[in-house]
Structure formats: C-alpha cells, structure tokens
Protein chains: 2
Amino acid sequence: MTEIRQPTPRRGTNLPRMGDFNLTVILEAIRRSSGGLSRVELAQIVGLSPQTISNISRRLLDQQLIVEAGKEGSGPGKPRTILRLNPAGMYAVGVHLDPAVITFVVLDLLGDVVKHSRMATPGGDPAGVITSIAEQIQALVEESGVDAAKIAGLGVAVPGPIDLDEGSVVEPPLLTRWNRVRIREALAEATGLETLVDKDVTSAAVAETWAGGASGAGSFVFMYMGTGIGCGIVLNDEVVRGTSGNAGEIGHIVVDPEGPLCDCGLSGCVKSSCIPQVLVAEAEAAGVLDGSRHGADGPEVQERFAELCDKADAGDEQAIAILDKSATLVARAVSVVTNALDVERVVFGGPFWGRMAPYFLDRVPGLLDKNNAARMIHGLEVVGTGVGEDVGAIGAACLVLEHMLAPRAQRLLLEG
Amino acid sequence: MTEIRQPTPRRGTNLPRMGDFNLTVILEAIRRSSGGLSRVELAQIVGLSPQTISNISRRLLDQQLIVEAGKEGSGPGKPRTILRLNPAGMYAVGVHLDPAVITFVVLDLLGDVVKHSRMATPGGDPAGVITSIAEQIQALVEESGVDAAKIAGLGVAVPGPIDLDEGSVVEPPLLTRWNRVRIREALAEATGLETLVDKDVTSAAVAETWAGGASGAGSFVFMYMGTGIGCGIVLNDEVVRGTSGNAGEIGHIVVDPEGPLCDCGLSGCVKSSCIPQVLVAEAEAAGVLDGSRHGADGPEVQERFAELCDKADAGDEQAIAILDKSATLVARAVSVVTNALDVERVVFGGPFWGRMAPYFLDRVPGLLDKNNAARMIHGLEVVGTGVGEDVGAIGAACLVLEHMLAPRAQRLLLEG
DNA sequence: CTGCCGGATCTCAGTCACTGATGCCCCTAG
DNA sequence: CTAGGGGCATCAGTGACTGAGATCCGGCAG
C-alpha cells in the first residue's frame with residue numbers, strides 16, 4: 001500500500017536513513033557481482049570504510065539477506081570471506097495481468113523463479129477475477145513451499161494507463177471492465193500482502209535491473225514486445241516512472257511515413273504498423289498466412305504470429321520481409337527514445353520477443369547506430385533480455401524487491 | 001573541471017555528505033519560496049528538526065548565502081525571522097557559444113542577470129576565439145563590479161553533440177572548426193575559473209529550474225527553439241543528461257508524414273520541417289517573403305523569421321498558416337517526448353520563441369492534451385519560459401550554481 | 001506601565017552511523 | 001615451525017541529527 005510516486009518539495013535526510021541506504025548499496029553491490037564479494041572488495045567498491053562494511057554485513061547476516069559462502073585465499077594472509085546473497089532470505093510474488101493471460105511467479109532474492117503458473121484471463125467481473133487471483137497466489141505459495149513469513153509482498157503488472165494513487169488501470173483498451181478498479185487495495189486485502197501496482201513495461205525494466213545481470217545496469221531502455229509495444233526506462237540504475245507512473249508510451253511515434261493511417265490521425269505510428277496484430281494482418285493480406293481464420297484476441301494473435309515466424313524461419317521470403325520491415329520500423333522508434341535520453345543500451349523482451357529475436361538482432365543494432373546522435377561519442381548496445389517470456393510477472397515481483405532493497409535516492413529522503 | 005557525469009557502481013554515503021546535502025535542501029526550499037521562509041516553516045517543509053534547521057541556517061548565514069530579512073509577526077509569540085537568499089552571496093558567469101552569436105552573462109545567486117553582453121561569433125581559429133571570450137568575461141566581470149572572490153565558476157553552453165570527458169563539442173554542424181576543441185580546459189586556464197561545459201538545451205532546462213520560478217519545479221521538458229530544435233529534460237527536479245551528456249536530441253522525430261525528405265532518409269522530421277530556417281524557406285517559396293536575398297547564416301535567418309512573424313502579426317494569412325502549421329508539427333514532437341517520459345509540464349523558450357509564442361500557445365496546449373496518453377490521469381501544462389531570450393547563457397551560469405548548490409542525489413554519494 | 005502568555009529560536013546533552021587506530025586471527029611461504 | 005601479510009573485529013572518536021528545556025520577543029489584558 002506504500003506509495004511509489006515521489007513527493008516534490010525535496011526533503012532532507014538523517015542518520016537512520018543514511019544507514020538504511022548504505023545497507024541497500026552494499027546489498028546491491030553483492031547482488032551485481034557474479035560470485036559474491038568479500039568485505040574488503042565491498043569497501044573499495046562502495047567507498048565506505050571496512051568497519052562500516054563489517055557492521056552492515058552483520059546486519060545483513062542477521063536479516064539473513066546474505067550468507068558467508070566459503071573463503072577465497074590467494075597468496076599469503078587470511079583468506080577473504082565471500083559474502084553472497086541468500087536466495088531464501090526474501091521472496092516476492094508477481095502477477096502479470098495481461099488481457100490474454102494472467103501469469104504468476106514466486107521469486108527469490110536472486111530474482112530466480114521458484115514457482116510459476118498461468119491462467120487464461122477470465123472475461124468476467126473484475127471482483128471475481130481478483131478472488132481467483134488471490135486463490136491462485138495462495139495455492140502457488142503453498143506449492144512452492146517457501147516460508148510465508150519471508151514473502152515481502154505482491155507486485156502487479158498491468159497494461160496501459162494507470163493511476164498510481166488509486167492503484168488502478170484507467171480505460172485500458174483491452175481490459176475495459178477493469179477501468180478504475182482499485183486493484184492494489186483489492187489484492188492487498190484479499191492476500192494480506194503489501195501490494196504494489198505498476199505498468200507492465202516499467203515492471204519489465206525493473207525485472208531487467210534486478211534479474212537481468214549486467215544488461216540491467218546503468219541507463220537503458222527496455223523495449224517490451226507484447227500485444228502492444230511500450231518501453232520501460234532506466235536512467236542511472238533508477239527506473240523512470242514519470243509524474244503519474246505512465247512513462248514509456250511510445251505507440252504514436254511515427255516510424256513509417258507511408259504506413260497505414262492510425263486513429264491518432266497520422267500515418268505509420270508504431271501502434272498502427274509494427275505491433276504483432278498488424279504484422280499478422282499484413283501476412284494474411286500478402287497470402288503468407290491463411291486469412292480465413294480471423295480473431296483478434298490475444299492467444300490467437302500469438303499463435304498466428306508464431307506461424308509467421310515459422311514460415312520466415314523456413315525461408316519464406318515474404319514472411320522474412322515482413323519481419324525485417326518491422327525490425328526496421330521498431331528501430332526507428334527506438335532511435336527516437338535513445339536519442340532523446342542518450343542511454344547506453346537497448347534491451348528487448350516481452351512475450352513476442354523470442355520468435356522475432358533473430359530478425360531484430362540482425363538489423364536493429366546497425367540501424368540504431370546509424371541514427372545515433374551521439375554516435376561519435378559512444379556506441380549503443382542492443383541485447384535481448386535474459387529474463388525470458390515471463391518478464392512481466394517477474395518484473396511485478398521485482399517491483400517489491402526493488403521497493404524494499406534497491407538503493408533509490410528516494411530512500412534517503414524523509415517523507416511527508 | 002569537476003565531472004558532471006555519474007559513476008555507475010553506486011556508492012555509499014556518509015555523515016559529511018549528509019550535512020552538505022541537507023544544506024542544499026534548505027537552500028533550495030528558501031530559493032523556491034517566493035518571499036523567504038522562517039526556520040519553523042523550513043522545518044516543516046524539509047522534515048528536519050528545528051534545531052537542525054537552526055544549525056544549518058547558521059552555516060548558510062556564515063557563508064553569506066542567506067540573510068535574515070525582517071520579522072513576520074502575526075498574533076502573539078515571538079515573530080518569525082524570515083530567511084532570504086542573499087543575491088550577492090555568490091555569482092556565476094555564463095557563456096553561450098552559438099554558431100551565430102556568443103552571449104555572456106553574470107548571474108547572482110537569485111538567478112538574476114547582473115550584467116550581460118554579446119558578440120557575433122568570430123569565424124576564425126577557436127584558440128583565438130577562446131582568448132576573446134576570456135577577455136570579454138574579464139571585462140564583463142570588472143564592469144559588473146561584483147566581488148571576484150564570489151564568482152563560483154564559469155558555465156559554457158554549446159550546441160550539438162558534446163563529449164563531457166573532453167569538455168568539447170563533437171562535429172557540430174555549424175561550428176565545424178570547433179570539433180573536439182577542449183573548450184573546458186582552455187577556458188578554465190584562460191579565466192582561472194572552475195569551468196563546466198554542457199549542451200545548450202540542457203543548460204536552458206537548468207536555467208528554468210534555477211531562475212524560472214514555479215515552472216522550473218518537478219518534471220518538465222524544455223523545448224529550446226533556436227537555430228535547431230532540441231529539448232532539455234528535468235525529472236523530479238533533476239536534469240537528465242544521459243550517458244554522455246547528449247540527451248535531448250529530437251531532431252529526427254517524424255512529425256509530418258507528408259513533409260520534405262530529410263537527410264536521415266525519412267520524411268518530415270522535426271529538423272527538416274519545423275526549424276526556423278525551413279519556415280523562412282517555405283515563406284519564400286510561397287511568396288510571403290522576398291526570396292531574392294538568400295543567406296542561411298544565423299542572424300540572417302533570425303531577421304527573416306522576424307519578418308515572417310511581422311507579416312503574421314499584421315494578419316497575412318499565408319504567414320499565419322506557416323506558423324500555425326509549425327506549431328502543429330512541433331506539438332507532435334513534444335507529444336512523443338511527453339508520452340515517453342510522462343512529465344507534467346512543457347516549457348518553451350529559446351531565441352526564436354518570443355516571436356512564435358502567440359501562435360504556439362494558441363495551438364500547442366490543445367494538441368498536446370489530445371495526444372496525451374495519460375490524459376485521463378493528469379493534464380499537461382504548457383508555458384513559455386520566464387527566463388527570456390538569453391536562456392542559453394543564463395543556463396550556462398546556472399550550471400555552476402546547480403553544480404554547487406542544488407540538492408542532487410549525486411551529491412550524497414561518495415566519489416571514486 | 002507591568003505582568004502574563006504564546007510562539008520562535010537557542011542551548012545542552014544524547015544518540016547513532018561512519019572513521020581511524022589497534023589488535024587478533026588465519027593462511028601461505030620459507 | 002615460524003615469520004609475515006592480509007582480513008576482519010574491537011574500541012574510542014567525530015560529527016550531524018534529535019529531544020527537552022531555557023531564553024527571547026512581542027502582543028495583550030489589567
């Protein structure tokens with residue numbers, strides 16, 4: 001029920017805040033190291049004195065967030081004690097409420113999936129669906145066998161415009177019955193867990209920072225390839241949510257001046273020319289896919305898109321052309337964002353990413369580099385996420401971990 | 001000579017950092033209040049105890065950054081002592097190196113211009129120009145009569161791609177001889193002042209946060225209408241510089257699918273369809289302006305653009321149509337940025353802004369609202385900057401003030 | 001004119017996180 | 001087996017924030 005958003009008159013900080021912040025800094029350093037870190041190494045990395053590191057390590061050990069994992073001795077002297085994250089130190093539950101499917105995960109402190117499940121999104125009354133979700137969470141937690149007391153909270157990733165104050169979605173195109181339903185409150189009550197709601201693309205970006213390894217550090221844009229295309233933005237290791245939590249809307253960037261007319265009045269927006277549904281329709285129009293079976297609901301599109309990719313993989317030139325073109329168009333949209341924000345990396349992911357990856361990774365890097373306004377100063381890395389298809393739900397769970405354990409500047413400031 | 005950029009492995013914080021940070025927080029609160037603040041009010045706003053406020057106030061008074069300015073007694077009890085910024089407590093020098101003109105300002109702590117001057121940008125050797133700039137700064141400071149010891153530093157705003165490490169511009173389209181000239185080092189040595197270099201659009205955004213009053217708070221995009229169009233980005237009171245300081249490049253956002261072909265290969269980019277030079281050319285083509293006098297250098301374009309606006313002001317329908325259309329196109333570009341970042345405000349400014357303001361303010365707000373993805377959650381304020389035409393140079397000076405006195409999260413972290 | 005009262009600010013310890021110096025512990029090398 | 005070196009803990013010490021109480025200042029009633 002805690003608020004994600006940031007208050008504007010900037011507030012001061014004090015001693016306890018500082019201590020908590022340093023704790024998260026150290027935890028983050030350990031988390032981002034591949035094989036654990038010794039106290040001396042930590043002192044060097046975070047710039048605090050060895051004594052402080054020792055004290056904070058003790059607190060972390062007491063809280064069971066880290067464990068001492070063996071020693072590493074090279075040369076003379078006492079070998080270093082390696083500190084590692086304790087996977088079982090904390091868990092979080094994530095739910096991705098997508099128009100087509102609801103995904104559930106239980107994540108451990110490392111960001112690894114302990115247990116996951118899915119269900120088709122019921123079309124019925126939201127209140128009923130919320131009850132089902134709560135039951136499903138209950139069941140999942142029990143099956144996973146994790147200590148319920150160690151579950152820090154529940155994260156919920158939802159599409160489209162959200163209202164952070166209400167913890168609700170606002171007029172989502174494909175979840176019309178959910179308009180302004182107070183999901184956060186309802187699920188907090190139904191599950192008894194502290195609950196956070198955020199956009200799916202933002203959640204995906206948070207997943208990358210938490211569970212994505214090296215590609216989740218620094219400043220990057222996460223391109224979420226789902227039913228729609230959106231992006232999550234991370235600058236200097238902190239996710240950008242925007243004033244109301246709605247950052248990342250890029251559906252109306254024009255990428256194809258000769259493209260189809262969009263409902264916004266312009267031609268060739270991302271939304272009208274590169275989302276999977278449009279690609280499938282193009283393929284049908286071109287005769288690559290059988291056009292007789294229609295149906296624009298989520299799973300249907302995913303299935304047909306997979307068919308399109310199968311054909312392309314098998315060498316069908318028209319299919320390849322469609323995917324190549326979409327890569328070109330998406331690259332243009334990405335360029336707009338990367339040039340505006342000057343990030344160092346673009347991470348692709350989302351449910352449709354897996355199949356399109358080879359086509360995109362072949363073309364996008366070159367196109368981005370060509371359009372990179374800071375080309376002479378630094379390159380632009382392009383990678384696919386290591387988090388996988390469930391990045392929405394995993395990100396939802398990571399919202400909780402991020403909120404509790406990430407060294408956000410916000411954590412230092414006194415609250416209102 | 002200090003580095004603006006942020007190191008990536010996040011570092012811890014300690015006691016002295018905390019004290020300095022709180023000092024800047026209090027200074028910022030006083031700065032943002034209209035008529036000064038008492039100690040009790042400060043305690044409420046920043047969340048620190050009255051005692052801490054007292055201690056920090058004393059430090060600020062010792063440093064002469066603030067002054068006690070009268071008392072405010074209403075009702076019984078000891079009247080509150082009002083604390084106000086001391087304009088003479090600190091000064092900064094700003095230089096805007098534009099392809100057409102170099103602008104100089106001396107700013108006081110309030111962000112008010114103490115003295116300013118200009119010169120046409122000499123075409124010669126950069127080394128010689130740097131000497132002239134240093135002389136000009138010297139002269140300006142002497143004429144202004146401010147205490148040289150109170151000058152905190154020199155800010156330099158430059159166009160186009162920059163290299164923050166070098167403190168140089170990289171292949172700027174209109175300052176070709178300045179490619180990779182180490183401006184920061186050269187000017188620091190020539191003037192003896194601590195020097196910061198940043199992009200002009202970023203500087204303009206910083207000017208807005210420092211000298212722009214209420215419209216410089218929170219999250220906003222500063223649209224800089226100059227020879228080119230770029231934007232400065234401020235999120236939660238902190239300016240976004242990007243990985244290499246090159247954030248804000250929006251020249252290749254497609255805003256007019258039927259527009260002219262751009263060198264990037266697409267049609268109707270911002271750069272090819274709404275910059276003043278293009279509008280002037282359009283006006284010439286349409287016969288609104290006399291097309292015989294050509295010349296694409298800076299002052300020439302500004303003059304011809306002023307003519308175009310004169311005609312529009314006088315009721316020339318073709319001229320009005322050209323300006324209206326450009327407002328529509330720019331609004332589309334702004335929408336792309338505001339939707340991606342979910343800011344609460346758009347601030348327009350820059351050398352060309354004054355003349356176009358009425359046409360833009362008439363159309364842009366409506367268009368932005370229509371395209372606002374978060375329309376149902378919050379509105380989008382559109383304002384013209386209060387900083388004026390010299391926003392580039394003023395922003396350059398504000399870079400120094402911001403670097404020394406703004407409560408940036410970065411200030412808390414230990415350095416490498 | 002004087003005393004009372006309320007509110008703002010200051011004084012004085014007290015607490016707590018980080019730091020520096022010192023010493024113990026553990027391992028490798030000779 | 002011993003010397004030596006590096007890792008880590010212990011013990012004061014510093015300094016920023018906090019809480020309680022004292023002090024100061026002006027208005028108001030008598």
Side-chain angles (χ1 to χ4, degrees), chain A residues 11-27 29-30 36-62 66-83 407 411-415, chain B residues 11-27 30 36-62 66-84 407 411-415:
Chain A
R11 304 178 70 82
T13 186
N14 61 14
L15 234 31
R17 295 266 158 184
M18 189 171 91
D20 289 350
F21 179 80
N22 280 344
L23 184 135
T24 64
V25 168
I26 290 179
L27 197 67
I30 295 176
L37 243 34
S38 71
R39 291 173 176 78
V40 250
E41 289 169 314
L42 277 169
Q44 243 176 348
I45 293 175
V46 307
L48 294 166
S49 66
Q51 300 76 342
T52 302
I53 303 290
S54 260
N55 293 337
I56 295 182
S57 302
R58 192 162 22 244
R59 281 174 64 192
L60 286 168
L61 286 165
D62 287 347
I66 60 173
V67 287
E68 296 195 333
K71 316 213 170 228
E72 183 189 70
S74 61
K78 178 174 173 178
R80 305 170 164 190
T81 315
I82 301 298
L83 302 173
R411 181 180 306 282
L412 277 160
L413 309 185
L414 268 20
E415 56 242 0
Chain B
R11 303 177 71 83
T13 185
N14 61 13
L15 233 33
R17 296 265 158 183
M18 187 170 91
D20 289 350
F21 178 81
N22 281 343
L23 184 135
T24 64
V25 169
I26 290 178
L27 197 68
I30 296 175
L37 244 32
S38 72
R39 290 173 176 80
V40 251
E41 289 168 313
L42 278 168
Q44 245 176 347
I45 293 174
V46 306
L48 294 166
S49 67
Q51 300 74 344
T52 303
I53 304 290
S54 260
N55 293 338
I56 295 181
S57 302
R58 190 160 26 242
R59 281 175 64 194
L60 285 168
L61 286 166
D62 287 348
I66 61 172
V67 288
E68 296 195 334
K71 314 207 171 237
E72 183 189 69
S74 61
K78 178 172 172 178
R80 306 170 165 190
T81 314
I82 301 299
L83 302 173
R84 241 191 270 275
R411 182 181 304 284
L412 278 160
L413 308 185
L414 269 20
E415 57 240 4

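Just so it is clear, the structure is predicted and the values come from calculations on it, not from any experiment. Residue numbers start from 1 in every chain, and the chains themselves are labelled A, B, ... in the order their sequence lines are given, proteins ahead of strands.
Remark: side-chain polar atoms of B/Thr13 are paired, donor with acceptor, to backbone N or O of B/Leu412 under 3.5 angstrom. For the pair A/Arg411 (side chain) and A/Arg17 (backbone), a donor-acceptor distance under 3.5 Å is absent.
Proximity of A/Asn14 to the phosphate of D/dA16: no side-chain N or O atom is located under 4.0 Å from OP1 or OP2. For C/dT19, one of the phosphate oxygens OP1 or OP2 lies less than 4.0 angstrom from a side-chain nitrogen or oxygen of A/Thr52. OP1 or OP2 of D/dG7 has not a single side-chain nitrogen or oxygen of A/Ser38 nearer than 4.0 Å. For the pair A/Ser49 and C/dG20, the criterion of a side-chain N or O lying under 4.0 Å from OP1 or OP2 is not met. Note on B/Asn55: every side-chain N or O is 4.0 Å or more away from OP1 and OP2 of D/dA16.
Here C/dC12 presents its P atom at 14 Å from CD of B/Gln51, a figure rounded to the nearest Å. One interatomic measurement links the two molecules: CZ of B/Arg39 to P of C/dG7, which rounds to 19 Å at whole-angstrom precision. The interatomic distance linking A/Phe21 (CZ) with C/dC18 (P) rounds to 11 Å, in whole Å. Put simply, CZ on B/Arg17 is 15 Å from C1' on C/dT19, counting in whole angstrom units. B/Ile53 places its CD1 atom 13 Å from the P atom of D/dG19, with the value rounded to the nearest Å. One can place CG of B/Leu42 at 19 Å from P of C/dG7, the figure rounded to the nearest angstrom. Remark: C1' of D/dG19 and CG of B/Leu48 are 15 Å apart, rounded to the nearest angstrom. Here the P atom of nucleotide C/dT9 and the CZ atom of B/Arg80 are 7 Å apart, to the nearest Å.
Taking the side chain of B/Ile56 as heavy atoms from C-beta on, and the options D/dC17, C/dA8, D/dT10, the nearest nucleotide is D/dC17. The side chain of B/Val40 sits closest to C/dT9 out of D/dA16, C/dT9, C/dT19.
Counting only residues at least two apart or in different chains, salt bridge (Lys or Arg N to Asp or Glu O under 4.0 Å) contacts with residues 41-59 of chain B comprise B/Asp20-B/Arg59, B/Glu41-B/Arg80.
When each of A/Thr13 and A/Arg58 is assigned the nucleotide of DNA chain D bearing its nearest heavy atom, the one mapping closer to the 5' terminus is A/Arg58.
Between A/Arg11 and B/Ile45, the closest heavy-atom pair is NH1-O, 2.6 Å. Across every non-hydrogen atom of B/Ala43 and B/Ser49, the tightest pair is CB-C, 4.4 Å. Of all heavy-atom pairs spanning A/Val46 and A/Ala29, the tightest one is CG1-CB, 4.1 Å.
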- Item | Under 4.0 Å protein heavy-atom contacts per nucleotide of nucleotides 24-29 of chain D, with B for base, S for backbone only and - for none | BBBS--
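For the pairing with A/Leu27, the side-chain contact (heavy atoms from CB on, under 4.5 Å) check across A/Ile56, A/Asn22, A/Leu83, A/Leu60 returns one residue only, A/Leu60.
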